Amino acid sequence: MSETIKLEPKLRETRWEPKLEEELLARWDSEKLYVFRKDSRRRLFLIDTPPPYPSGRPWHIGAAAHYTQIDMIARTARMMGYEVYFPIGIDRNGIPVERFVEREMKIRLTSLPREEFIRICSQTLDQLEAEMLWIMKRAGLSGDFENKYRTDSEEYRSLTQATFIELFRKGLIYRASRPNNFCPDCGTTIADAEVDYAEMPTDLVYMRFDLADGGEIVVASTRPELLGACRAVIYNSSDERYQHLDGQRAVVPIYGREVPIIAHSAARPEFGTGLVMVCSYGDRTDVQLFRELGLEEVILIGLDGRMLEAAGPLKGMTVEEARRRIVELLSSEGRVVKVEKIMHQVPICERSNTPIEIIPMEEYYLTQLSLREELLDAGSRMTFYPEFHRQLLVDWINSLKFDWPISRRRYYATEIPIWYCKSCGWPNLPPPGKYYRPWKESPPFSRCEKCGGGEFEGEERTLDTWVDSSISPLFISGYMRDEKFFRRAYPVALRPQGKDIVRTWLYYTLLRCYQLTGRPPFKSVWVSGMGLDEKGEKMSKSKGNVIDPRPVLEKYGADIFRFWCAQEASLGYDFRISEARIQAAGKFLTKLWNVARYVSQFPQPKGARLLPSDRWILSELSALIGEVLNGYKEYNFFIPATKVRNFLWNLFASHYVEMTKMRALGRTSNGQGARAAWYTLHTVLKSCLLLLAPITPFVTDYIWRTLYSERSIHLERFPRPRWDKSYTKYTERLVFFNSDVWRRKKEMNLSLREPIRISVPEELSPFREDLVAMHNIVEEG
RNA sequence: GGGGCCGUGGUCUAGCGGUAUGACGCCGCCCUCACACGGCGGAGGUCGCCGGUUCGAAUCCGGCCGGCCCCA
């Protein structure tokens, strides 16, 4: 018998064209493939997508890779049968955009009316946001773009304020005056998490101090301008040189104040002379020493970064001017022993990159220290992918030393919702649920709740931007706005994020959500590594090694980029980004395409009587599906990408397809055999497409719709490993045998089609017919 | 100063208790009717260094060296 069928591939082009992706994007859009159905009966899977910040820096390729992987998580969850909410949010509050506007327009925050400055920031954000959204869409993110949220929207900010009001009423927010990190350049207090350290060349000044009872000592300091705030000199009790100083007093040069000399472990004998002056406040250690030793602080630096009255002859100077001047003054008194150039770690503001000062200010604080144990416990109830990154969170919680100062003296951020009574000063809070701007609005009440006074002054400060970002899981799950949904959706399924913001975003979210709900905000946390440059170094504007993702997406298309992402970055580990490797990843898509093109010429029988070769590849397919699904369960896309690639290329295409080619093309007489090959070819291809769909959504959907269904592959589930795996025992032997025949033909200078005399080993006898046809074997004997 | 991760052929990478995976690059042959962004074959490493555990270590333990990242 012979079925007369004209074999014609349904895929015509010889390779996958990235241009085809754009048609698919439009199609997905119009079909509303990825819309979240809130009332679905399926199990919910909410992803607390990191709302990226359009800060003015190019959104670099590492970020695009990161969001692409998050999209793979969303697609994975859908194919596992969840109703997935993959929200698209944009973080638009806080200092970064203000700094960007100040730099670009060469203005200061305070040089424009507040309203005007806010308007400019908002417009700037719109532009930057549009670029970012283009990248996200083009990369094939299956997020809910139609309902994207912004953290500076009325709805979001009113929720931020509502949580502030709630925590204030719970007594977890308090006002206090204490030394804080202050950035004179940004003009605001910042939190520890916003402080970076930079190694800078610094002068270490060796200064001669008199002792009150005669004699002298030499004290070294990098902050001589703080001499006027020196309240003690310390040495290490193990330091042999200074045992005689115990109980003595030193006289501070220029200022003439007598201060105690105290033994303290904070003094390092090897630094400078081993004698250190303690002043308010050179660094965080000084703050602790002042507290511990009960010293009285002297404030030398004002909010404008200039020296105050107490600085005496330095008054009015900037910190740097004062540092130069004090050395001159000391020199003229013969008190400078030497000046040493050293490399010194200087605390700087992560936004402005300028040195910070520690200045006591009155700010609002959110309690965190007293919750340490509870937070550790709540954190321990979240699953981490990979587990080893849990340590980043634990270490940070254990290292907390101060409560979180949350008020900021900036404009483009959520306002602190407080009006102060003009007669008694009492802070009056409005009811939660609305967005308040106390700096320009009158309060929604008429009487002070404390004294009944009727006149108020609105708070002008805003909140740290992390106060907003830290409630994203509450925002997306309907907290305070849709209690019914909230009960089903919270804690949300997953927080995906980079390891670099564990101490900020993850920690703050845990803190705030725990305070508000008494529960951890996530069931699981997925922590990815960082995208580094070809040399393995961090990408940064200053190094000039930043890669813009847009030209890459345009040149190679999203799927090549995505497949590269998946096979390059193993879960949680840093990965290197190079265009050559992205390009190389494209080869696999060509291979996939051509395998599909070959298979596409055959009819699709519903069933068939399988031959051993067919059973063999289906055995391997079952094993593959098992491994791949395990990778997907841990959101480790490296596993599916490399396993499918290896299977499809090195087993399916190289061996199975070649073994069955004659049979499938009808060159052997047996029509049953052809059907079996067709059935198997399609089964394997379909399964591979499904297994790759979360990683390369474009090419798989294109092939799927061309060959199998009008309906998108993205509405399907993952395949199940439903074939007997016993035939995998033949794999090694088959591969070896085929290679051996190829090698021999090569040695004999035969083309692959020419006949060869060779015997098929006994162990492979089940495959004899296919192998004979494949290699054109003339059996011996 | 503390913490994390890593150190495998020229480059990158898998493996994490039984003498090493794949990619890129390189060399040679081949346009074999899915694919030359392809196929086949080949050269190339003893897994940073030292010591220990073990019948056996790239794989476990300890120390050292080097790189990267984070924190103080």
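Here is how names work: the chains are called A, B, and so on, in the same order as the sequence lines, proteins then strands, and each is numbered from 1. Bear in mind that the values here come from a model prediction, so they are computed numbers and not experimental data.
In this structure, A/F638 and A/A596 both approach RNA chain B, and ranking their closest nucleotides by distance from the 5' end singles out A/F638. Both A/Y598 and A/E568 lie near RNA chain B, and the one whose nearest nucleotide falls closer to the 5' end is A/E568.
The gap from the C1' atom of B/C31 to that of B/G25 amounts to 23 Å, rounded to the nearest Å. As rounded to the nearest Å, B/G44 and B/G63 have C1' atoms that lie 33 Å from one another. Rounded to a whole angstrom, the distance from the P atom of B/G1 to that of B/A14 is 31 Å. Going from the C1' atom of B/A23 to that of B/U32 covers 25 Å, rounded to whole Å. Going from the C1' atom of B/G48 to that of B/C40 covers 36 Å, rounded to whole Å. Comparing the C1' positions of B/U21 and B/C47 gives a spacing of 12 Å, expressed to the nearest Å. Only the P atoms considered, B/A20 is 35 Å distant from B/A36, to the nearest whole Å. B/G10 and B/U53 have their P atoms separated by 32 Å, with the value rounded to a whole Å.
Residue A/N594 contributes atom CG, which lies 10 Å from atom P of B/A34 at whole-angstrom precision. Rounded to whole Å, the distance from CD1 on A/I777 to P on B/U32 is 21 Å. In this structure, A/L506 atom CG and B/G4 atom P are separated by 18 Å, rounded to whole Å.
Taking the centre and axis of the six-membered ring of A/F563, the NZ or CZ atom of A/K587 falls outside the cone set by 45° and 6.0 Å. Judged by the 6.0 Å distance and 45° axis criteria, A/R284 is positioned over the aromatic ring of A/F402. Judged by the 6.0 Å distance and 45° axis criteria, A/R495 is positioned over the aromatic ring of A/W505.
Electrostatic pairing of A/D614 and A/R663 counts as a salt bridge here, judged by a charged N lying under 4.0 Å from a carboxylate O. We find that A/R576 and A/E568 are not joined by a salt bridge, their nearest charged nitrogen and carboxylate oxygen being 4.0 Å or further apart. Taking the charged nitrogens against the carboxylate oxygens, A/R744 and A/E747 have no contact shorter than 4.0 Å, which rules out a salt bridge. By the 4.0 Å N-to-carboxylate-O rule, A/E13 lies too far from A/K19 to be salt-bridged with it. With respect to the salt-bridge test (charged N to carboxylate O, under 4.0 angstrom), the residues A/D574 and A/K499 qualify.
For A/K661 and B/C33, the shortest distance from a side-chain N or O to OP1 or OP2 is not below 4.0 Å. A close approach under 4.0 Å does not occur between any side-chain nitrogen or oxygen of A/S751 and OP1 or OP2 of B/G39.
Shown here for A/W704 and A/L689, the closest heavy-atom pair between the two residues is CE3-CD1, 4.2 Å. For the pair A/I356 and A/C349, the tightest heavy-atom approach, listed with the atom from each and the gap, is CG2-N, 3.5 Å. When all heavy atoms of A/H389 and A/G572 are compared, the pair lying nearest together is NE2-O, 2.9 Å.
Counting non-hydrogen atoms under 4.0 angstrom, A/E13 reaches nothing in the nucleic acid. Among the heavy atoms of the strands lying under 4.0 Å from A/R597 are primed sugar atoms or P, OP1, OP2 only; no base atom is included. Contact annotation for A/F588: no contact, since no heavy-atom pair falls under 4.0 Å across all strands. At a threshold of 4.0 angstrom between heavy atoms, the contacts of A/S578 with the nucleic acid are absent. Among the heavy atoms of the strands, none lies under 4.0 Å from A/S600. The residue A/V599 sits apart from the nucleic acid: no heavy atom pair falls under 4.0 Å.
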Reading nucleotides 67-72 of chain B from 5' to 3' and marking B where a protein heavy atom lies under 4.0 Å of the base, S where only the sugar-phosphate is that close, and - otherwise, the string is -SSSSB
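Residues meeting the ring-ring contact (aromatic ring centres under 6.0 Å, His included) test with A/F384, sequence neighbours left out: none. Residues passing the salt bridge (Lys or Arg N to Asp or Glu O under 4.0 Å) test with A/E292: none are found, sequence neighbours excluded.
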Protein N or O to nucleotides 17-25 of chain B N or O, pairs below 3.5 Å:
none

Filtered N/O pairs between nucleotides 42-44 of chain B and protein, under 3.5 Å:
unit_1	atom_1	unit_2	atom_2	d
B/G42	OP1	A/R743	NE	3.3

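In this structure, the side chains of A/I234 and A/L275 stay at 4.5 Å or more apart for every pair of heavy atoms.
Here the side chain of A/A653 is nearest to one of B/A34, B/C29, B/C35, namely B/A34. Of the candidates B/C5, B/C40, B/C37, B/C37 carries the atom nearest the A/R15 side chain, counting heavy atoms from C-beta on.
In this structure, SG in A/C183 is found 10.5 Å from CD in A/E350, a value given to the nearest 0.5 Å.
Secondary-structure annotation of RNA chain B gives the stems B:1-7 with B:65-71, B:10-12 with B:22-24, B:26-30 with B:38-42, B:48-52 with B:60-64, with a stem taken as at least 3 successive Watson-Crick or G-U pairs whose two distances both fall under 3.5 Å.
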Please report the C-alpha distance between A/Q69 and A/S528 in whole Å, then the side-chain angles of each, then the deciding distance to 0.1 Å, and finally whether the side chain to side chain donor-acceptor pair (under 3.5 Å) criterion is met. CA-CA 9 Å; A/Q69 291 183 329; A/S528 76; 4.9 Å; no
